[in-house]
Amino acid sequence: HVQLVESGGKSVPAGGTLRLSCAASGHTFSSSTMGWFRQTPGTEREFVAAIHWSGDFTRVADPVKGRFTISRDNAKNTVYLQMSNLRPEDTAIYYCAAAPLRSLSASIDEYDSWGQGTQVTVSS
């Protein structure tokens, strides 16, 4: 398993930008698919984005396509979520996750390591 700690969440106005970071520890980070998910109270955790262990391939959910970008720096054991043109409906707790995969899964069940989450609030 990989230990994950998210940071960067805060309150921003609609239209603003924000970058979330996820610092990982553990020898399997560089060979893991990394993902971002989000959750609001009373709803299921939903997929946001994933990145291949190499950093060469990404997958982004339709609601955030064109606004959010996922990237990683294996030398720093860190994955990022760059968010722009934020909307009130992006308000959620954002979670970083790691999966022992070579594919870009959007399934929560494929990820076996999770961070504690970071709150993002977008005001209208």
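Screening residues 101-122 for ring pair (Phe, Tyr, Trp, His ring centres under 6.0 Å), with sequence neighbours left out, gives F37-Y111, F37-W114. Residue pairs that meet the ring pair (Phe, Tyr, Trp, His ring centres under 6.0 Å) test with at least one member in residues 71-90, sequence neighbours left out, do not exist here.
Remark: S123 pairs with P13 by the side chain to side chain contact (heavy atoms under 4.5 Å, CB included) rule, at least two apart or across chains. Listed by chain and number, the residues in a side chain to side chain contact (heavy atoms under 4.5 Å, CB included) with A98 are V2, L4, S32, M34, S113 (sequence neighbours excluded). Residues forming a ring-ring contact (aromatic ring centres under 6.0 Å, His included) with Y95 (at least two apart in sequence, or on another chain): none. Considering only residues two or more places apart in sequence or on other chains, E44 meets the side chain to side chain contact (heavy atoms under 4.5 Å, CB included) condition with none of them. Not counting sequence neighbours, the partners of Q119 by the side chain to side chain donor-acceptor pair (under 3.5 Å) test are T121. Every side chain to side chain donor-acceptor pair (under 3.5 Å) that K65 has, sequence neighbours left out, goes to D62. Residues passing the salt bridge (charged side-chain N to carboxylate O under 4.0 Å, His left out) test with R38 are E46, D90, sequence neighbours excluded. Remark: W53 engages no residue in a ring-ring contact (aromatic ring centres under 6.0 Å, His included) (not counting sequence neighbours).
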Exercise for the section: Begin with the C-alpha distance, continue with both residues' side-chain angles, and end with the deciding distance and a verdict on side chain to side chain contact (heavy atoms under 4.5 Å, CB included) for L86 and F68. Expected result: CA-CA 9 Å; L86 283 160; F68 290 13; 3.8 Å; yes

Practice task
Under the side chain to side chain contact (heavy atoms under 4.5 Å, CB included) rule, what do R67 and M83 come out as? Steps first, then yes or no, please.
Solution key: CA-CA 6 Å; R67 301 187 298 121; M83 304 185 291; over 6 Å; no

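Hydrophobic cluster membership for L104: F57 (Ile, Leu, Val, Met, Phe, Trp, Tyr linked by side-chain heavy atoms under 4.5 Å, directly or transitively).
Both V12 and Y94 are part of a single hydrophobic cluster, where members link through side-chain heavy atoms under 4.5 Å apart. Side-chain heavy atoms closer than 4.5 Å link hydrophobic residues (I, L, V, M, F, W, Y) into clusters, and following such links, possibly through other members, connects W36 to V64.
Taking CZ of R87 as the start and OG of S124 as the end, the distance is 14.0 Å to the nearest 0.5 Å. Here S30 contributes atom OG and N77 contributes atom CG; the two are 7.0 Å apart, rounded to the nearest 0.5 Å. Here the straight-line distance linking atom CD1 of I93 with atom CD of Q116 works out to 10.0 Å at 0.5 Å rounding. Atom CZ of residue R59 and atom CD1 of residue I70 lie 11.5 Å apart, to the nearest 0.5 angstrom. Distance OG1/T118 to CG/L81: 11.0 Å, rounded to 0.5 Å.
Closest non-hydrogen pair, T40 versus T91, comes out as CG2-O, 3.0 Å. Residues A50 and S105 come closest through the heavy atom pair CB-O, 4.0 Å.
The side-chain heavy atoms of P100 and D112, taken from C-beta on, include a pair separated by under 4.5 Å.
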Check residues 16-24 and write down every donor-acceptor pair under 3.5 Å in which the side-chain atom is one partner and the other belongs to a residue at least two apart or another chain.
none

